[in-house]
Amino acid sequence: MTATLDLKALHDRWVMPTYAPSLALVSGKGTRVVDADGKSYLDFGSGIAVNNLGHCHPAVVDAIRRQTEKLLHVSNLFVNENQPRLARRIASIGLGGKVFFCNSGAEANEALIKLARLHGAPSGRFEIITMRNSFHGRTLATMTATGQTKYQKGFEPLVPGFVYADFNDFDSVRAAATLRTAAVLVEAVQGEGGILPASFTFMQALRQWTAENGILLLIDEVQAGIGRTGAWFAWQHYGIRPDGFSMAKALGGGLPIGAAAVTPELSDTFSPGKHASTFGGNPVATAAALAVLDTIEKDRLLDRATTAGIAIMDALHALASCHACIETVRGIGLMIGLVLNIPAAPVAAALRDAGLLVIPTGERVLRLVPPLTVTDAEIAEAIAILDRVLP
Ligand SMILES: *Cc1c(COP(=O)(O)O)cnc(C)c1O
């Protein structure tokens, strides 16, 4: 048996089958990752848009190592030295208000949902409008917020108070509103829905209408955030300021951390006892996140995401002329969807066997989310593998 098959057998025997993993990966550096049998892959999946600095970035590893020698955990009954610094940093690149820390994207959205309900309670507002084809997480509330029945089947009854509208269709959002509407929760770029950017006019209309009607505009930046689209947060492409937004995936450079950030006006909506997380803002995870944000700034990786994204999308457009399976290319920065007219999963498997990791999203979309540190040579290599493997 190969080492990969050994590990896979162990996994299948003891880990609940919520995923169906193929490879067993044991080490990584930058854009490359190595499996248990020593085979190397170009990683354009980045652990589902988590490794925005690639695998084991030295600045992140160093920050984690230094913190682990000092203090691992104290709970939020005490202040740790990294959490408030990270909150100030997120405020400075985001909305200027306070931050709540947790451990995942679902929890970050859950915090926004609870905050919206608490904020709306005095005026009887509790409904949250979310979009069809969205993805917000797997807890009961965020799974209900997720506008795709395939994630909800069998888990009924769902959480009350969620109403769905069509993404990029402002009239359908307005039609879903009632006097009980507390908030609209939306992704600026739908990730699991197939890498679908919101239109400029949709986001502008949403912002104006929610502001005029006392409805909070909340943006899920869990996948698009932390520089992936060429801005710190994807909402920054739309000339708007939301009332709050969530982040997670790439924030910790590979360590689990989530956060919900709001405007100064909403900063004290939660009072002590209203919400909590034992591990939220943990000293090690926040040390890693500070190193991630510093590195993105110092190495000008927002600009790199933009230029690398354009290079990849141009190359994919060129591939489309000789591969009939390519329907279209869409995305912003390094959040790219290669839309096929055939099922994406078997193509992703063939690419994996050829040494390139990409993640299908939706039925027919290959998601390309390489690290922001991806080099031109690695882009050329990935495009060559695509050219060889795509029918
Ligand atoms: C991944 C994701 C989530 C859920 O994050 P978890 O950390 O898996 O809970 C929520 N929203 C979006 C847009 C995501 O991509």
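Fair warning: this is a prediction, and the values are worked out from it, not measured in the lab. Indexing begins at 1, ligand by ligand and atom by atom, following the structure's order.
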Query raised in the report: Which protein non-hydrogen atom lies closest to atom 1 (C) of ligand 1, naming both residue and atom, and how far is it?
Result: Lys249 NZ, 1.4 Å
Report task. Is it possible for you to say whether Tyr238 and Leu196 belong to one hydrophobic cluster, with membership spreading through side-chain heavy-atom contacts below 4.5 Å? Result -> yes
Query raised in the report: Relative to the heavy atoms of Asn109, which atoms of ligand 1 are at a distance of less than 4.0 Å?
Result: 10 (C), 11 (N)
Query - Closest protein heavy atom (residue, atom, distance) for atom 9 (O) of ligand 1 - result: Ala106 N, 2.8 Å
Query raised in the report: So how far is it from Phe167 CZ to Asn133 CG, rounded to the nearest 0.5 Å?
Result: 8.5 Å
Report task. For atom 10 (C) of ligand 1, state which one of Arg138, His136, Glu107, Gln190 supplies the nearest heavy atom. Result -> His136
Query raised in the report: Do you see a donor-acceptor pair shorter than 3.5 Å between the side chains of His136 and Thr130?
Result: no
Report task. Scan Leu185, Thr181, Ile215 and name whichever one has a side chain to side chain contact (heavy atoms under 4.5 Å, CB included) with Ile129. Result -> Thr181
Query raised in the report: Would you say ligand 1 has an N or O under 3.5 Å from any N or O of Glu187?
Result: no
Requested in this report: Look at atom 5 (O) of ligand 1 and say which protein heavy atom is nearest, naming residue and atom and giving the distance to 0.1 Å.
Outcome: Gly105 CA, 3.3 Å
Report task. Hey, could you give me each pair passing side-chain hydrogen bond (donor to acceptor under 3.5 Å, both in side chains) that has a residue in residues 318-339? Not counting sequence neighbours. Result -> His323-Asp387, Glu327-Arg364
Query raised in the report: Would one find an N or O of Val222, backbone or side chain, under 3.5 Å from an N or O of ligand 1?
Result: no
Requested in this report: Record the part of Ser104 in heavy-atom contact with ligand 1 below 4.0 Å; permitted values are side chain, backbone, both and neither.
Outcome: both
Query raised in the report: Can you list the residues that meet the salt bridge (charged side-chain N to carboxylate O under 4.0 Å, His left out) rule with Glu378, with sequence neighbours excluded?
Result: none
Query raised in the report: Are the ring centres of Phe101 and Phe279 closer than 6.0 Å?
Result: no
Report summary line: min-distance protein heavy atom vs atom 11 (N) of ligand 1 -> Asp220 OD2, 2.8 Å
